[in-house]
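Right, one structure below, let's go through it.
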There are 2 protein chains.
Amino acid sequence: MSAHPHPGPAFAQHNHAHCAHDALTRAEAITKEAGVRLTPVRRRVLEILLEEHKALGAYDVLARLAAEGFGNQPPVAYRALEFLVEHGLAHRIQRLNAFTACTHIGQAHAPAFLICRSCATVAEAEAAPARAALEQSAAALGFAIERTTIEALGLCPACRGAT
Amino acid sequence: MSAHPHPGPAFAQHNHAHCAHDALTRAEAITKEAGVRLTPVRRRVLEILLEEHKALGAYDVLARLAAEGFGNQPPVAYRALEFLVEHGLAHRIQRLNAFTACTHIGQAHAPAFLICRSCATVAEAEAAPARAALEQSAAALGFAIERTTIEALGLCPACRGAT
DNA sequence: CTTGACCTGTTATGATATTACATACATAGA
DNA sequence: TCTATGTATGTAATATCATAACAGGTCAAG
Ligand SMILES: [Zn+2]
Ligand SMILES: [Zn+2]
Ligand SMILES: [Zn+2]
Ligand SMILES: [Zn+2]
């Protein structure tokens, strides 16, 4: 057990079925705790996001939902995604206008996102240090930070290795 | 002379006419140096962005251009904006899907953006320290960062003071 | 001049996101 | 149990952001 939130498995080999199942279990717990409902659409959207460590656009999610008999209009997807983001079960990736399942559900964390430009895998890195540094710069200007977006584009370990 | 790139004037009282005029002068120099043309549309778009320390959407810019007799189709605005960003004369703000004139034209800088949620003013802060911290986190995962986006939402000094 | 590179303009379309309203469902109080 | 209430879902319509593809204009080198 690591002493601090561990890096998250996105770039490492791991039992992903287990990884996804775990996330769902935690999501159930979190929502129950918060007194909100992880309804079928919401749960299914989370499952879809959990299939891969990538980011999916709202319309990609919507297409999947529609194919499975859920509604087929944009708000169906956007609402479920908004719910997931609001409760810390998913994150929005600004650079991609897309969404990814949180890999640290239930753990307090300040995520920075590492987006592989080759394979599109998205991992969460710890943003606390970067954030602290930014606070410094901002404080010097008298600016009070409330929310930060930290995203990096680059190459993941696997894609660096590949020719 | 400050030892490192100074914070930029967005949140401070300053002679903005002078600020904008300076930026244009530098833009002329930069483009001449690079052997590219700061054509009338491009120059005008930069002037429009320089009017305020805020971010403007491409269609806002387009409306202004159209009203002044330039083309009135999206590519006219997007192309000019793309040119400005490419040559470091403007920046794209991901969170806002919008563009802002660079306040450090001609200076090498790694900008983080501070966006006031109350008055929409955008300032550039030095992102180098935050970026360095992020490199650390990323390196630990074997990820090679190529480009970073660092944006913060919050309250500027003026809006903090106001009731 | 002519050529070629680049810039501008326009049409058309694609991609992302929200507003507004109607219907269905869960559940707590009467 | 019944019904009132809040919440969730479904749908239509529309707003907002962005790009592809092509036609015509400008300008300087040869
Ligand atoms: Zn996994
Ligand atoms: Zn990769
Ligand atoms: Zn700048
Ligand atoms: Zn403000």
Side-chain angles (χ1 to χ4, degrees), chain A residues 27-28 31-32 34-49 54-87 89-100 115 120 149 151, chain B residues 27-28 31-32 34-49 54-87 89-100 115 120 149 151:
Chain A
E28 306 267 20
T31 49
K32 184 163 192 178
V36 295
R37 295 192 290 147
L38 189 61
T39 60
V41 209
R42 292 167 177 176
R43 188 191 161 93
R44 189 68 193 115
V45 170
L46 181 53
E47 287 171 1
I48 289 168
L49 292 181
K54 310 214 163 166
L56 283 182
Y59 280 75
D60 297 327
V61 170
L62 179 57
R64 297 283 304 270
L65 291 177
E68 296 173 17
F70 294 98
N72 71 126
Q73 298 301 318
V76 173
Y78 280 103
R79 284 193 292 231
L81 289 165
E82 182 186 29
F83 172 91
L84 296 176
V85 169
E86 197 171 320
H87 293 89
L89 310 177
H91 300 289
R92 174 174 199 135
I93 310 297
Q94 300 281 352
R95 267 197 98 93
L96 304 178
N97 293 325
F99 302 83
T100 191
I115 308 160
T149 302
E151 298 176 357
Chain B
E28 306 266 21
T31 50
K32 185 161 189 177
V36 295
R37 294 194 290 147
L38 189 60
T39 60
V41 208
R42 291 169 179 175
R43 187 192 163 95
R44 187 71 192 113
V45 170
L46 181 54
E47 287 172 0
I48 289 168
L49 293 181
K54 312 215 160 163
L56 283 182
Y59 279 74
D60 297 329
V61 169
L62 179 58
R64 296 283 305 271
L65 291 177
E68 297 173 15
F70 293 97
N72 71 128
Q73 299 302 316
V76 173
Y78 279 102
R79 283 194 291 231
L81 289 165
E82 181 186 30
F83 172 90
L84 296 176
V85 169
E86 197 172 319
H87 292 90
L89 311 178
H91 300 290
R92 175 174 198 132
I93 310 297
Q94 301 280 355
R95 267 197 98 93
L96 305 177
N97 292 327
F99 301 83
T100 191
I115 307 161
T149 300
E151 298 176 357

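Proteins get letters first, then strands, A, B, ... in listed order; numbering begins at 1 in each.
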Original post:
Once each nucleotide of nucleotides 4-12 of chain D is scored for protein heavy atoms under 4.0 Å, what B/S/- sequence comes out, 5' to 3'?
Top reply: ----SBBBB
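Scanning all heavy atoms of the two residues, the minimum distance from A:A58 to A:A77 falls at O-CB, 3.5 Å. Closest of all the heavy-atom pairs between A:K54 and A:T100 is O-OG1, 3.1 Å.
Put simply, CG on A:N97 is 10 Å from P on C:dT18, counting in whole angstrom units. Between A:K32 atom NZ and C:dA26 atom P the separation is 17 Å, expressed in whole Å. Spacing between atom CD of B:E82 and atom P of C:dT8 amounts to 12 Å, rounded to whole angstrom units. C:dT8 atom P lies 15 Å from atom CD of B:E68, rounded to whole Å. If you measure from atom OH of B:Y78 to atom P of D:dT16, you get 12 Å, rounded to the nearest angstrom. Between B:L62 atom CG and D:dC17 atom P there is a gap of 12 Å when expressed in whole angstrom units. Put simply, CG on B:L81 is 11 Å from P on D:dT19, counting in whole angstrom units. Computed from coordinates, the B:D60 CG to D:dA15 P distance equals 16 Å when rounded to whole Å.
Between B:Y59 and D:dC17, a base-stacking contact is recorded: ring centres under 5.5 Å apart, planes less than 30° from parallel.
For the atom pair CZ (B:R37) and CZ (B:F83), the distance works out to 9.5 Å, reported to the nearest 0.5 Å. We find the CD1-CD distance between B:I115 and B:Q94 to be 10.0 Å, quoted to the nearest 0.5 Å.
Residues passing the ring pair (Phe, Tyr, Trp, His ring centres under 6.0 Å) test with A:Y78, sequence neighbours excluded: none.
For residues 65-79 of chain A, the salt bridge (charged side-chain N to carboxylate O under 4.0 Å, His left out) pairs, not counting sequence neighbours, are A:R44-A:E68.
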